Student: 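Mind looking over this structure? Questions follow.
All values derive from a computational prediction rather than experimental measurement. So you know, we letter chains A, B, ... as the sequences are listed, proteins then strands, and number each from 1.
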There are 2 protein chains.
Amino acid sequence: MLQNRKSYNIVLVEDHSIFIEGLLSVLKKIENAKVLGAFVSGEEALAFLQTQNADIVFLDISLPGGKSGIEICNEISRLHRKTKVIALSNHTERETISEMLNNGASGYLLKNASVNDLENAIEQVMQGQCVMSEEIRNILFSPQAPAPRAPRLTAREKEILYWIGEGLTTTAIANKLFISVQTVESHRYNLLQKFDVPNAVVLVKKAIELGMMKEVGKGR
Amino acid sequence: MLQNRKSYNIVLVEDHSIFIEGLLSVLKKIENAKVLGAFVSGEEALAFLQTQNADIVFLDISLPGGKSGIEICNEISRLHRKTKVIALSNHTERETISEMLNNGASGYLLKNASVNDLENAIEQVMQGQCVMSEEIRNILFSPQAPAPRAPRLTAREKEILYWIGEGLTTTAIANKLFISVQTVESHRYNLLQKFDVPNAVVLVKKAIELGMMKEVGKGR
DNA sequence: TTTTTTCTAAGGGTTTTCCATGAGAAGAAA
DNA sequence: TTTCTTCTCATGGAAAACCCTTAGAAAAAA
């Protein structure tokens with residue numbers, strides 16, 4: 001193969017120095033892999049990429065400093081179209097994985113990947129394919145968890161919901177938001193309808209399960 | 001120092017092969033460290049330790065196979081008194097950390113440890129001291145999360161609480177439990193008192209936070 | 001066997017929530 | 001501009017929750 005002639009330029013972004021050592025050591029064994037640099041933060045890697053072109057970036061998701069791997073991934077693939085990003089992480093949440101792929105990653109490997117996995121990944125990604133660990137594939141393509149779909153709430157409803165969760169009565173909420181009691185009751189009623197629940201207790205419980213009770217509506 | 005003459009025999013237990021590579025590479029740089037073997041599962045390591053003595057075992061917590069790092073740690077320190085175990089993990093939950101230490105670990109390092117950290121850890125542990133990453137120390141010795149102490153509930157109260165959480169009305173609960181509505185109301189009232197909350201919404205919310213809503217009271 | 005806790009139940013009143021529907025105004029989207 | 005969505009407010013009645021105290025019986029603990 002022609003491509004085997006030239007070696008691929010690789011950049012590592014990873015905050016665990018021991019793991020970097022491992023990657024270096026492993027990549028050394030892969031003949032057409034050449035590591036240009038290893039960086040602890042995404043910002044450093046971005047700066048480096050402005051000076052040199054890389055073919056592949058192995059990118060961790062949990063990074064120190066302001067930007068997460070997801071943001072870094074987005075920037076790399078925006079600014080350096082030819083550079084392929086392969087996520088290298090232990091995160092197995094469906095959400096995280098698709099975030100990463102949606103932000104331009106060409107692959108997603110778990111950190112327990114073998115040398116072979118790495119080698120294959122490099123090869124495939126350079127051929128324009130998308131690679132991911134078996135486990136990741138399973139997570140991504142397994143039958144969606146039976147859609148615990150959250151109702152779409154309006155801004156006001158989120159606010160009301162929040163205060164209900166704080167234990168305020170309808171009257172108290174009305175006073176706090178400077179609107180009439182009837183209005184709050186309307187929102188309350190609509191919330192119960194949207195969530196299809198019989199009362200505020202189950203409403204809040206369900207909202208918590210759906211992760212919708214996190215400081216919603218405080219500001220306005 | 002005398003101790004520098006002989007090298008420490010080290011065993012690695014870790015299921016991420018790349019990380020093992022990193023460890024090997026890093027430990028190679030530490031003069032008096034000698035790696036006897038690296039194992040993917042705890043069972044393998046235990047078997048190995050029956051044939052050879054190790055001074056130090058670097059032990060991951062999440063391991064494939066039946067036994068967790070915590071169990072392995074326990075067995076190693078029970079069966080091989082002279083062998084020191086250093087946990088090498090990314091888990092930062094107070095619970096996990098103290099579990100590990102209670103089961104005989106002499107140290108707890110995070111996986112983002114540097115070469116220096118490793119070197120120091122080896123040295124200190126061999127001198128009979130206990131080592132841990134700065135972050136771990138902080139977690140362990142930081143002021144206990146102000147004890148979100150859960151009220152002690154009676155069996156009946158747990159049951160009532162559960163059904164409130166399921167959205168049943170007082171009457172419905174009374175019917176379900178074959179007791180009078182007044183009784184249920186009493187329990188309800190007492191629950192609000194014990195939790196010091198104004199209504200059932202906050203009651204359930206707080207109970208969820210305290211982990212008290214898990215299949216409570218279903219059986220009786 | 002006392003003492004304590006828990007479960008049971010009641011009274012009687014106040015407050016809050018829930019139901020269901022209608023409807024005007026303002027802003028955003030088509 | 002027209003349509004859609006959201007926010008607003010209202011009515012009026014039914015149901016449920018909350019308040020607080022008292023109290024007997026049974027079970028558990030001391």
Student: If you measure from CZ on B:Arg188 to OG1 on B:Thr183, what distance do you get to the nearest 0.5 Å?
Tutor: 13.5 Å

Student: Could you state the interatomic distance from NZ (B:Lys206) to NZ (B:Lys194), rounded to the nearest 0.5 Å?
Tutor: 14.0 Å

Student: Determine the sole option in A:Asp117, A:Asn112, A:Asn116 for which the side chain to side chain donor-acceptor pair (under 3.5 Å) test with A:Ser114 is passed.
Tutor: A:Asp117

Student: Does A:Lys34 make a cation-pi contact with A:Tyr8 (under 6.0 Å, within 45 degrees of the axis)?
Tutor: no

Student: Can you check nucleotides 25-30 of chain C for protein contacts, nitrogen or oxygen pairs under 3.5 Å, and list what you find?
Tutor:
none

Student: Any ion pair linking A:Asp55 and A:Lys82 (charged N to carboxylate O, less than 4.0 Å)?
Tutor: no

Student: May I have the distance from B:Leu168 (atom CG) to C:dT17 (atom P), rounded to whole angstrom?
Tutor: 20 Å

Student: How many angstroms lie between NZ in A:Lys111 and NZ in B:Lys111, if you round to the nearest 0.5 Å?
Tutor: 8.5 Å

Student: Among residues 178-196 of chain B, which residues get a heavy atom nearer than 4.0 Å to DNA chain C?
Tutor: B:Ile179, B:Ser180, B:Gln182, B:Thr183, B:Ser186, B:His187

Student: Send over the distance from A:Ile173 CD1 to D:dC7 P, rounded to a whole Å.
Tutor: 15 Å

Student: Tell me the interatomic distance from A:Glu157, atom CD, to D:dC7, atom P, rounded to whole angstroms.
Tutor: 6 Å

Student: Can you tell me which stems DNA chain D forms when a stem means 3 or more consecutive Watson-Crick or G-U pairs under 3.5 Å?
Tutor: C:1-30 with D:1-30

Student: In whole angstroms, how far is the P atom of C:dT6 from the CG atom of B:Leu153?
Tutor: 10 Å

